[in-house]
Amino acid sequence: MEENQEYVIQEHEHLFLKKGLHHWGHPVTTPGTSWYWIHVTSPDFVQTDYKTHIPLPEIDFYYPNHYAYTFPMPKHGTSPFHRTLESRLQLLVTDFGKPTTHGMAQLSSQVYQMFLELHKAMSENKTTESTGKSEVITGRIMRHLIEHTDEDFDSSSVSSKLRLNYSYLSATFKKQTGLSIVEAHTKLRINKAIEWMRNSSLNISEISERLGYKNPYYFSRVFKKVTGESPSAYMRHFYKKAMT
């Protein structure tokens, strides 16, 4: 029980209990049952500037605060991942009893990795029609944006391609990703710029032109807004690595 909510936990299932609530159990557990408990501590505050969406796979270059995000863990349930969970938990218990240098840091990182895999497995296990529809629409929007990274953003083009109202597309995309469609398109263009900086001899003006920016100074302002650095400063990082 968590406050007035009852949960029935079956074999190979998990349950997250929320801090600060009343919890108790009923003595009806089958004899011989084993439980694994992980106590997670967290700050008493949550930074309000944290995003609540995982970064999109297509936007994979590092940006300021790229990994400053939160996501909800699945409260209760099971998945194919849970079949291997017991052996992993037992290894954690075994390692917990071994005094080693940075032992708690290593255990914490292993638990964190396990939670990430749990979240991924439970997300893949979703079969609700509404979630599936939103994900399909978001995927189609991303494919369209990727195909048009060398052009200025055109909302009518997106709407025409998907044959849906742009306001609906925009709201769906924002809810699914935490980004506006324009923001995603801009980041994809900057990703392409970074790729050319790393793998070609193009200068900033040439990169700007290839991406469809009519003014290299405007491109520089956009680049700095997204990455926190000007294009010239960003390119110097690669020159330094090449020299070393």
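Contact record, T33 with T30: OG1-O, 2.6 Å, taken as the closest heavy-atom pair. Closest heavy-atom contact between L202 and M235: O-CE, 3.8 Å.
The line from CG of L145 to CD of E183 is 12.0 Å long, rounded to the nearest 0.5 Å. Atom CG of L211 sits about 11.0 Å away from atom OG1 of T186, to the nearest 0.5 Å. A distance of 10.5 Å separates CD1 in I146 from NE2 in H185, rounded to the nearest 0.5 Å.
The side-chain heavy atoms of M197 and I207, taken from C-beta on, include a pair separated by under 4.5 Å. Side-chain contact between E117 and R88: present, with at least one pair of heavy atoms (C-beta onward) separated by less than 4.5 Å. Side-chain atoms of M114 and L89, non-hydrogen and from C-beta on, do get closer than 4.5 Å to each other. Under the 4.5 Å side-chain criterion, counting only non-hydrogen atoms from C-beta, F223 is not in contact with I204. With contacts defined as side-chain heavy-atom distances shorter than 4.5 Å, the pair F153/V158 qualifies. Counting heavy atoms from C-beta outward, E151 and S157 have side chains that stay 4.5 Å or more apart. Looking at heavy atoms from C-beta onward, H148 lies in side-chain contact with H144 at the 4.5 angstrom threshold. Put simply, the side chain of H14 reaches to within 4.5 Å of the side chain of P74, judged on heavy atoms.
The backbone N or O of F173 lies less than 3.5 Å from a partner atom in the side chain of T177, making a donor-acceptor pair.
The 12-atom threshold is not exceeded at CD of E11, counting heavy atoms of other residues, nucleotides or ligands nearer than 6.0 Å.
Contacts classified as side chain to side chain donor-acceptor pair (under 3.5 Å) and involving residues 200-214 (residues at least two apart or in different chains) are given here: D152-K214.
The six-membered or imidazole ring of F16 lies away from that of H76, with a centre-to-centre distance of 6.0 Å or more.
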For this session: Test K75 against E2 for salt bridge (Lys or Arg N to Asp or Glu O under 4.0 Å), laying out the working first.
Result: CA-CA 12 Å; K75 178 72 174 177; E2 184 177 68; 2.8 Å; yes

